[in-house]
2 protein chains.
Amino acid sequence: MKNRPLSDDALALVARRFAVLSEPMRLRLLQALAGGEKPVNALVELTGGTQANVSRHLQTLTEAHLLKRRKEGLQVFYAVADPSIFQLCELVCGSLEKRLAQQAEAFEPKSGR
Amino acid sequence: MKNRPLSDDALALVARRFAVLSEPMRLRLLQALAGGEKPVNALVELTGGTQANVSRHLQTLTEAHLLKRRKEGLQVFYAVADPSIFQLCELVCGSLEKRLAQQAEAFEPKSGR
DNA sequence: TAACTATATGCGCATATACTCATTCACTAG
DNA sequence: CTAGTGAATGAGTATATGCGCATATAGTTA
């Protein structure tokens, strides 16, 4: 009863989610937030990006509902709002590892013919 | 033993995979191929795209190792090479549905306070 | 009030990429 | 060989977006 062809609108939403996850810096930020809520300055340090750039990417992630924002005095704390992104990354990593392992096999005469 | 911070290279690969999935037309093609191998002309019809554009997107998907190509006479058949993409899409769809349902809730006075 | 700090944002540049049109390539049939 | 068909590709254009720089905003402290 599932997996019927998605509507154009739905397709656009899915595509947008993937687009948000398609920048290394944003993945780095998500990774940095895997351990829990952190303020912007900590994220700037952890990722090595500029403050302006980090701030923009955090905005993108927040607008996509992947992060949530909490202000506390001067600082702004960000945290992962949608844990499913970690499952996504794991799936992709698994798929990539599998492929790379297969490609590596082609160069190792181990049990090859 | 998993989920250590990914290297920059790994991060770039993951980001690239997401980028490949971030175009509605490519998602449409994957959806069209969910039922099995199809020739290019069928995909052009199913997606409503131009032949040139469909061909380019098929190339992108193939280079990303998500599709495989098989030539037979004049026609070229494409098929999904990495089924994990469907799990990815399901995860994203689930996450989006959940969010949209929550947002809809805010407008329905059903069991709200 | 002014000074200081943490974030956010406006602007411009550079690059990436999706799209169309025309052409070319690969293959088959006559 | 030539003609015809399905698919790929080169060129050009338009749009999107990542980045850095400078500045603006919000909040704190004096």
Side-chain angles (χ1 to χ4, degrees), chain A residues 8-9 11-33 37-81, chain B residues 8-9 11-33 37-81:
Chain A
D8 285 8
D9 286 352
L11 232 46
L13 285 176
V14 175
R16 176 59 191 164
R17 161 113 349 157
F18 283 129
V20 169
L21 295 172
S22 71
E23 282 302 314
M25 175 60 85
R26 285 199 283 270
L27 294 179
R28 229 187 304 260
L29 286 168
L30 292 172
Q31 204 171 235
L33 288 169
E37 188 184 56
K38 283 188 179 52
V40 177
N41 54 28
L43 295 169
V44 170
E45 259 205 58
L46 283 171
T47 61
T50 65
Q51 181 268 322
N53 203 28
V54 166
S55 181
R56 268 189 214 296
H57 284 304
L58 290 172
Q59 178 180 256
T60 299
L61 289 164
T62 305
E63 283 171 354
H65 304 274
L66 298 184
L67 296 184
K68 46 192 169 191
R69 237 179 79 110
R70 183 175 68 84
K71 275 187 96 161
E72 186 178 317
L74 271 182
Q75 301 197 88
V76 177
F77 290 80
Y78 285 88
V80 173
Chain B
D8 284 8
D9 286 351
L11 232 46
L13 285 176
V14 175
R16 176 58 191 164
R17 160 115 347 157
F18 283 130
V20 169
L21 295 173
S22 71
E23 283 302 313
M25 175 60 83
R26 285 199 283 270
L27 295 180
R28 230 188 303 263
L29 287 167
L30 292 172
Q31 204 170 236
L33 288 170
E37 188 184 57
K38 285 188 177 52
V40 176
N41 54 27
L43 295 170
V44 169
E45 258 206 57
L46 283 170
T47 61
T50 66
Q51 182 268 321
N53 203 28
V54 166
S55 181
R56 271 189 212 296
H57 284 304
L58 289 172
Q59 178 180 259
T60 300
L61 289 164
T62 305
E63 283 172 353
H65 304 274
L66 298 184
L67 296 185
K68 45 192 169 192
R69 237 179 78 109
R70 183 175 67 84
K71 275 187 96 161
E72 185 178 318
L74 271 181
Q75 300 196 90
V76 177
F77 290 79
Y78 284 88
V80 173

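Quick note on labels: first sequence line is chain A, next is B, and so on, each numbered from 1. Here the structure is a predicted model, which is why all the values come from computation and not from measurement.
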Quick one: closest heavy-atom pair of [X] and [Y], and the distance?
{"X": "B/Ala12", "Y": "A/Pro24", "value": "CA-CG, 4.4 Å"}
{"X": "A/Gly49", "Y": "A/Val44", "value": "O-CG1, 3.3 Å"}
{"X": "A/Ala32", "Y": "A/Leu46", "value": "CB-CD1, 4.0 Å"}

Of the listed nucleotides [options], the one nearest the side chain of [X]:
{"X": "B/Leu74", "options": "D/dT5, C/dC19, C/dT7", "value": "D/dT5"}
{"X": "B/Gln59", "options": "D/dT9, C/dA8, D/dT5", "value": "D/dT9"}
{"X": "B/Asn41", "options": "D/dA7, C/dA8, C/dT5", "value": "D/dA7"}
{"X": "A/Lys71", "options": "D/dA26, C/dA6, C/dA26", "value": "D/dA26"}

Just to verify, what does A/Gln75 make a side-chain hydrogen bond (donor to acceptor under 3.5 Å, both in side chains) with, not counting sequence neighbours? A/Asn41
Expressed in angstrom and rounded to an integer, what is the separation of [X] atom [atom1] from [N] atom [atom2]?
{"X": "A/Arg69", "N": "D/dG27", "atom1": "CZ", "atom2": "C1'", "answer": "13 Å"}
{"X": "B/Tyr78", "N": "D/dG6", "atom1": "OH", "atom2": "C1'", "answer": "11 Å"}
{"X": "B/Glu72", "N": "D/dA7", "atom1": "CD", "atom2": "P", "answer": "11 Å"}
{"X": "B/Glu63", "N": "C/dT17", "atom1": "CD", "atom2": "P", "answer": "11 Å"}
{"X": "A/Lys38", "N": "C/dT7", "atom1": "NZ", "atom2": "P", "answer": "14 Å"}
{"X": "A/Arg70", "N": "C/dA6", "atom1": "CZ", "atom2": "P", "answer": "17 Å"}
{"X": "B/Gln75", "N": "C/dT28", "atom1": "CD", "atom2": "P", "answer": "11 Å"}
{"X": "B/Leu58", "N": "D/dT9", "atom1": "CG", "atom2": "P", "answer": "11 Å"}

Any side-chain N or O of A/His57 less than 4.0 Å from the OP1 or OP2 oxygen of D/dT17? no
Reference residue A/Leu66; test side-chain contact (heavy atoms from CB on, under 4.5 Å); the match among A/Leu21, A/Val80, A/Thr60, A/Leu29: A/Leu21
For a side-chain contact (heavy atoms from CB on, under 4.5 Å) with B/Thr47, tell me which candidate from B/Gln31, B/Arg28, B/His57 qualifies. B/Arg28
Have a look at A/Phe77 and say if it touches a base, only the backbone sugar-phosphate, or nothing, with a 4.0 Å heavy-atom cut-off. nothing
Which part of the nucleic acid, if any, lies within reach of A/Arg16 when heavy atoms closer than 4.0 Å are counted: base, sugar-phosphate only, or nothing? sugar-phosphate
Between residues 45-56 of chain B and DNA chain D, which residues have a heavy-atom gap below 4.0 Å? B/Gln51, B/Ala52, B/Ser55, B/Arg56
Let's see if you get this right: which residues in residues 20-27 of chain B place a heavy atom under 4.0 Å from DNA chain D? none
Above 12 or not: heavy atoms from other molecules or residues under 6.0 Å from CD of B/Glu45? no
Tell me whether B/Ser22 contacts the main-chain N or O of B/Ala19 through its side chain, where contact means a donor paired with an acceptor under 3.5 Å. yes
Mark yes or no for whether B/Arg26, through its side chain, and B/Val20, through its backbone, hold a donor-acceptor pair below 3.5 Å. yes
How long is the span from the CZ atom in B/Arg56 to the CE atom in B/Met25, to the nearest 0.5 Å? 13.5 Å
Can you work out whether A/Val76 or B/Ala19 has the more 5'-proximal nearest nucleotide on DNA chain C? A/Val76
